[in-house]
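Read the structure below first, then the notes.
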Amino acid sequence: MSRKLVELSSLAAVEALRHDSVVVLPTGAIEHHGPHLPLSTDFLIAEESAAAAVDLAAAAGVNAWLLPGLAYTKSDEHHWAPGTVWLSWETLMQTIVEIGESIAQTPCTRLVFYNGHGGNVALLQVACRELRRRFGLQTFLIGGGMPANGGAKSSENEFGLGIHGGHIETSVVLHLQPELVDMSLAVRSVPEHLLDYQYVGFGKPVSFGWVSNDFAASGVIGDPTEATAEFGKAHFEANVAQAAAALGEIAVFSPAPVQKRVGFSVS
């Protein structure tokens, strides 16, 4: 059975969705990923990961459903590179709020963003609270298992700096759609000078604003040169399994303590 919500009729959707249903919205990006990867990298990873996680969760009994993904998002850190297509934060936030309002018109109360682009994280965190406050939705954010999302460690020779177009992303696309990757154009571009700073940097106490060509003309932040489809498959499957398990927990999650029933009788 397909878990794509849009393949149901309106009537069937109302019948399928329940209070404990989990609707998953993939969020990716269309942006420069170096000379070797497609513009669709983040969108591809988000959609494929979310679809696989929803199917796996549904097979385990979770009433999980998949929405079509958002391809155009907050990726203006790559504005300088031809082919990047992005929305302003105002437009994207309003889009997400209106999607949330639409979901709130159904019996479903749980909306999950499955994100494949690090530049979306801060905005989605704000959106989760906005949707909770305005529409009463239970909202959740799952990272796509990329270092920029705090979801994975980069390879050792990237020194924790493989956050864009590096070993992990290249390996995953090699697994999902190898025909879109040109490894002959893969270049190592690791900003090792950032290791000299104690407090400021990726994963350090002080974050900073940046655009991707601050570090190198290639726009790559990492080392894709030793990426393999085998590593990508293992990484993809591990993240899907974790996300599916998370969807099971999301289906029963409550921010308030669950009160245990105390037996009593009425005379």
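Everything numeric here is computed off the predicted structure, so don't read it as measured data. In this chain, numbering begins with 1 at the start of the sequence shown.
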| message | Is it true that, when you exclude E249 itself, more than 12 heavy atoms of the residues, nucleotides or ligands shown sit nearer than 6.0 Å to its CD? | response | no
| message | Does K4 have more than 12 heavy atoms from other residues, nucleotides or ligands lying within 6.0 Å of its NZ? | response | no
| field | Contact check, side chains of V23 and L17, non-hydrogen atoms, under 4.5 Å | value | yes
| Backbone N/O of A227 and side chain of S171: donor-acceptor pair under 3.5 Å | no
| query | Looking just at side-chain N and O atoms, do S2 and E7 make a donor-acceptor pair shorter than 3.5 Å? | reply | yes
| note | The reported gap from CZ in F140 to CD1 in I142 (rounded to nearest 0.5 angstrom) is 9.0 Å
| task | Could you tell me the separation between the CG atom of L137 and the SG atom of C128, rounded to the nearest 0.5 Å? | result | 10.0 Å
| What are the two closest heavy atoms between E158 and H167, and how far apart are they? | OE2-N, 3.0 Å
| E226 atom CD: more than 12 heavy-atom contacts under 6.0 Å | no
| task | Say whether, by atom type as modelled, one donor and one acceptor occur between the side chain of R110 and the main chain of L247 under 3.5 angstrom. | result | no
| Would you say V220 and F215 are hydrophobically clustered, going by side-chain heavy atoms of ILVMFWY under 4.5 Å? | no
| request: Could you walk me through whether V22 and V24 pass side-chain contact (heavy atoms from CB on, under 4.5 Å), step by step? | output: CA-CA 6 Å; V22 180; V24 179; 4.1 Å; yes
| Is the shortest heavy-atom distance from the side chain of I96 to the side chain of L123 under 4.5 Å? | yes
| query | Does H164 reach the main-chain N or O of G222 with its side chain, forming a donor-acceptor pair under 3.5 Å? | reply | no
| Going from NZ on K74 to CG on L92, what distance comes out if it is rounded to the nearest 0.5 angstrom? | 9.0 Å
| message | Count I, L, V, M, F, W, Y as connected when their side-chain heavy atoms are under 4.5 Å apart, and connections chain through other members. Are M183 and V173 then in the same cluster? | response | yes
| For residues E90 and Q94, is any side-chain donor paired with an opposing acceptor at under 3.5 Å? | no
| field | Spatial distance of atom CD1 (I30) from atom NE2 (H117) [nearest 0.5 Å] | value | 10.5 Å
| request: Assess the side chains of H36 and T170: does a donor N or O sit below 3.5 Å from an acceptor N or O? | output: yes
| request: For the pair W210 and F202, name the ring-plane relationship: parallel under 30°, tilted 30 to 60°, perpendicular over 60°. | output: perpendicular
| Would you say the side-chain atoms of S40 pair up with the backbone N or O of F43, donor to acceptor, closer than 3.5 Å? | no
| query | How about N157 and V190: do any of their side-chain heavy atoms sit closer than 4.5 Å? | reply | no
| task | Flag yes if more than 12 heavy atoms outside Y72 fall under 6.0 Å of its OH atom; otherwise flag no. | result | no
| task | Determine the minimum heavy-atom distance between P82 and L39, stating which atoms define it. | result | O-CD2, 4.2 Å
| note | Exactly one of N120, T73, D42 clears side-chain hydrogen bond (donor to acceptor under 3.5 Å, both in side chains) with N115, and that residue is N120
| said: Please tell me whether L180 and I45 are part of a single hydrophobic cluster in this structure, the criterion being side-chain heavy atoms less than 4.5 Å apart. | reply: no
| said: On a heavy-atom basis, which atom in F135 and which in G100 lie closest, and how many Å separate them? | reply: CD1-C, 4.2 Å
| task | Report yes if the side chains of L56 and V240 come closer than 4.5 Å at any heavy-atom pair, otherwise no. | result | yes
| request: With rounding to the nearest 0.5 Å, note down the distance linking OG in S254 to CD in Q138. | output: 6.5 Å
| message | Do L131 and L111 have side chains that approach each other closer than 4.5 Å (heavy atoms only, starting at C-beta)? | response | yes
| request: Check whether L87 and V85 end up in the same hydrophobic cluster, where Ile, Leu, Val, Met, Phe, Trp and Tyr are linked by side-chain heavy atoms less than 4.5 Å apart. | output: yes
| field | Between T84 and H32: side-chain donor-acceptor atoms closer than 3.5 Å | value | no
| query | Quick one: does H79's side chain have a donor or acceptor within less than 3.5 Å of a partner on D76's backbone? | reply | yes
| Do side-chain atoms of D55 reach the backbone of A52 as a donor and acceptor pair under 3.5 angstrom? | no
| Is there a chain of hydrophobic side chains (I, L, V, M, F, W, Y, each step under 4.5 Å between heavy atoms) that links L195 to I163? | yes
